[in-house]
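Okay, structure first, notes after.
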There are 2 protein chains.
Amino acid sequence: MAGIEEVAKLAGVSTATVSRALSGKDHVSAKALAAVQLAASELGYVVSHSAYTLATGRNRNIGVVMPRVDRWFFSTVLEAAETELISNGYDLTLYNLRGGDNQRSQVFQEFLLRGRVDAVLAVAIQPDKDEIAALDRLGKPIVGIGGIIPGARTIEMDDFAAGKLATEHLISLGHTKIANLSGEILTNWEFNQPGLRRAGYLEALKNAGIESKEAWQVMGDYSIPSGYRAAKQLLGDPRNAPTALFCNSDEMAIGAILAAKDLGLRVPQDVSIIGIDDHDFAEFFGVTTITQTVSAQATFAVRTILDLLSDPDLGSHVNVDQNTVWPSELIVRSTTARVNS
Amino acid sequence: MAGIEEVAKLAGVSTATVSRALSGKDHVSAKALAAVQLAASELGYVVSHSAYTLATGRNRNIGVVMPRVDRWFFSTVLEAAETELISNGYDLTLYNLRGGDNQRSQVFQEFLLRGRVDAVLAVAIQPDKDEIAALDRLGKPIVGIGGIIPGARTIEMDDFAAGKLATEHLISLGHTKIANLSGEILTNWEFNQPGLRRAGYLEALKNAGIESKEAWQVMGDYSIPSGYRAAKQLLGDPRNAPTALFCNSDEMAIGAILAAKDLGLRVPQDVSIIGIDDHDFAEFFGVTTITQTVSAQATFAVRTILDLLSDPDLGSHVNVDQNTVWPSELIVRSTTARVNS
DNA sequence: CTGAAAGCGCTTACAG
DNA sequence: CTGAAAGCGCTTACAG
């Protein structure tokens, strides 16, 4: 692999000039520029990344930390983030935290601090104060998606408002028997998104003077099968069946639709179902939902990071409290309708 | 951020001793070891990655290249690969090629050669000879999943055999009207997996003396909606409806099941449906399928890479032709049955 | 505009 | 077992 020295020799200039010509940061005579470019392409020269990083302290690489990747939300974030990063010449290093608590602390205490990343994008992860402080000391920005991180910039949809809006939509259609299919919080470093959405749901019920029932507040795992199972249980109960389901994800809503069909119930005539996400498949299944525009959120988060990184007077202590509430919209499709009374 | 020098000073030894003590590669007196460890943990010392790489030429980082990440197959590979890598102290740098041809060549000609990765895992991507040669010259192994790459190590299920087996299963149940829902090849650097599976399908038909029909060979995109649409079209045709569907993915099979139901057809009494993958949701929907054990494939591929990298006499020219045929199994669930004649 | 040289923070023969 | 020193391959003040 050709190094800068060989390029310099071939071009008949110094390595300093090669560096300047290729980076484009400093002026170089047209003649030198041409000679360097020719030599570089002839030798197939590519800047050694570690030398570049060691000399400049910049990595052109950001770390993305998420609890898992094999779920729609996460893979969608990843896809959008990578696309935005690569088009800016940045690499993306992925850390999934499937390994649990140990892996999580290994990532934060070692991987992120080795100086391989310039910044971190935390997806649906709640870093603690010490972890943020450590990044801060190194001058590394951390931006979060999916919840509020005290002491850092975050982007999140208003989960409480979304839960409330979804429920109000059902109430406005005359429903009073409304169940909420939510999610579990598995670790102490995940956001309480299920709790916030449920709180919005309960608030909407209370405002409308509708009594809430414990039995109608059930747990799923955001997947189609879990939505199916929970909905079948709820809708199959002969004495206690709700007429409407508010699901925390479109996948669970899709599962619920299938469960209703299998019970011989018509959607939306017999049961109304609303999700959250605006998943790729939502339109196809006609799911009424609340948008999250996940790709756009991820792209925005990456741009925020890139902007911070290109700020010339970014010192240490770069992270500040700042939450951007991401707009959500209700999209009414064909799975919700006036209650059949 | 404390450097090795500060640790050396605090421990009262040279930087060489610190390096040796921390890496554990060379013997160090118990006393020095203790002093270094204490000093390092006191200062929160973490080895600078770029300095380590520049000095050693090793990155402890591998690049994963895939056409996209927001599909089950890819996110599952990614999840498994990351889990295996991180537990070996390796990072994973993700390159998705959603940006098309330009992005692809940028990745291969620039990103991969900057020396940031020690090896590459190519997922469902067909690098060309020059690209492999370039990696070879740098002594970087490339291992592929999802198809055969001439000149590199690969792991792939036998797509032809899988297509044949799926079709034979349907034939053995008495079906003769069998459609194949396959996928499109969008770029010239993707594998011809749809073609291979279809060839297996056609071979099985031929062996059984069953005539194949153009109209029963249709395209999808591996997703639930595309399976639904294609199946509805096929099964709704009053003169030409097949009695069995062989789908190239379980998601398409699930879509097909839903389409059949919506047409009032019973699965498997009226239509038999088989997929490929053994997707997370396959068991739930009772899909008869052919396993791919994707996670295990990805883990195996990563281990292959790690083994190569730890081989002390790995020089340049590390890539050789070598394909491992990954075993597949037929799992008969409840979506296939004897033809209703 | 350009070059010589220091420096980024490690690792590792080489001596001892 | 340990230290002094060279070297990894760049970038960037500093002079000119």
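Lettering of chains follows the sequences in order, A, B, ..., and the numbering in each one begins at 1.
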May I have the step-by-step check of salt bridge (Lys or Arg N to Asp or Glu O under 4.0 Å) for Asp70(A) and Arg98(A), ending in yes or no?
-> CA-CA 10 Å; Asp70(A) 61 350; Arg98(A) 209 58 184 282; 3.7 Å; yes

Report the stems of DNA chain C as range-with-range entries sorted by first number; a stem here is at least three consecutive pairs, Watson-Crick or G-U wobble, both distances under 3.5 Å, and write none if there are none.
-> C:1-3 with D:14-16, C:5-12 with D:5-12, C:14-16 with D:1-3

Please work out which of the three classes, parallel, tilted or perpendicular, describes the rings of Phe300(B) and Trp326(B), given edges at 30° and 60°.
-> tilted

Rounded to whole Å, the CG-C1' distance (Asp26(B) to dT12(C)) equals 8 Å

Taking the P atom of each, how far is dC1(D) from dA5(D), in whole Å?
-> 23 Å

With no hydrogens and no angle check, is any side-chain donor or acceptor of Asp26(A) less than 3.5 Å from a backbone partner on Arg20(A)?
-> no

Pairwise C1' distance, dT12(C) and dG16(C) [rounded to whole Å] | 16 Å

Atom pair OG/CD of Ser87(A) and Gln103(B) - distance to nearest 0.5 Å | 7.5 Å

NA contact type, Ser19(B), heavy-atom cut-off 4.0 Å: base, sugar-phosphate, or nothing?
-> base

Interatomic distance where CZ belongs to Arg114(B) and P belongs to dC10(D) [whole Å] | 13 Å

Rounded to whole Å, the CZ-P distance (Arg58(B) to dC10(C)) equals 19 Å

State the OH-CG distance between Tyr95(B) and Leu121(B), to the nearest 0.5 angstrom.
-> 13.0 Å

Rounded distance (Å) that lies between atom P of dG9(C) and atom OH of Tyr52(A) | 16 Å

Whole-Å distance separating the CG atom of Leu43(A) from the C1' atom of dG9(D) | 15 Å

Once you round it to whole Å, what is the distance between C1' of dA4(D) and CZ of Arg20(B)?
-> 11 Å

Ranking Gly12(A) and Ile4(B) by the position along DNA chain C of their nearest nucleotide, the one closer to 5' is Gly12(A)

Using a cut-off of less than 4.0 Å, is there contact between a side-chain N or O of Ser48(A) and OP1 or OP2 of dG9(D)?
-> no

Just how far is it from atom CD1 of Ile142(B) to atom CD1 of Ile62(B), taken to the nearest 0.5 Å?
-> 10.0 Å

Can you check the Lys9(B) NZ to dT2(D) P distance for me, whole Å?
-> 19 Å

Ser14(A) side chain to Thr17(A) backbone, donor-acceptor under 3.5 Å | yes

Report the C-alpha separation of Arg116(A) and Asp91(B) in whole Å, then their side-chain angles, then the decisive distance to 0.1 Å, and conclude whether the salt bridge (Lys or Arg N to Asp or Glu O under 4.0 Å) test is met.
-> CA-CA 10 Å; Arg116(A) 181 175 248 161; Asp91(B) 277 343; 2.3 Å; yes

Taking the side chain of Ser29(A) as heavy atoms from C-beta outward, which of dC10(D), dT11(C), dC1(C) is closest to it?
-> dC1(C)

Is the backbone N or O of Gly151(B) less than 3.5 Å from a side-chain atom of Asn319(B), with the two atoms forming a donor-acceptor pair by type?
-> no

Inter-nucleotide P distance (dA13(C), dG9(C)), Å rounded | 23 Å

State whether the side chain of Lys140(B) and the backbone N or O of Val117(B) hold a donor-acceptor pair below 3.5 Å, judged by distance alone.
-> yes

What are the atom names and distances for every N/O pair under 3.5 Å that joins the protein to nucleotides 5-8 of chain D?
unit_1: dC8(D); atom_1: O2; unit_2: Ala55(B); atom_2: N; d: 3.4

Contact under 4.0 Å: Ser23(A) side-chain N or O vs dT11(D) OP1/OP2 | no

Separation of dG3(D) P from Glu5(B) CD (nearest whole Å) = 13 Å

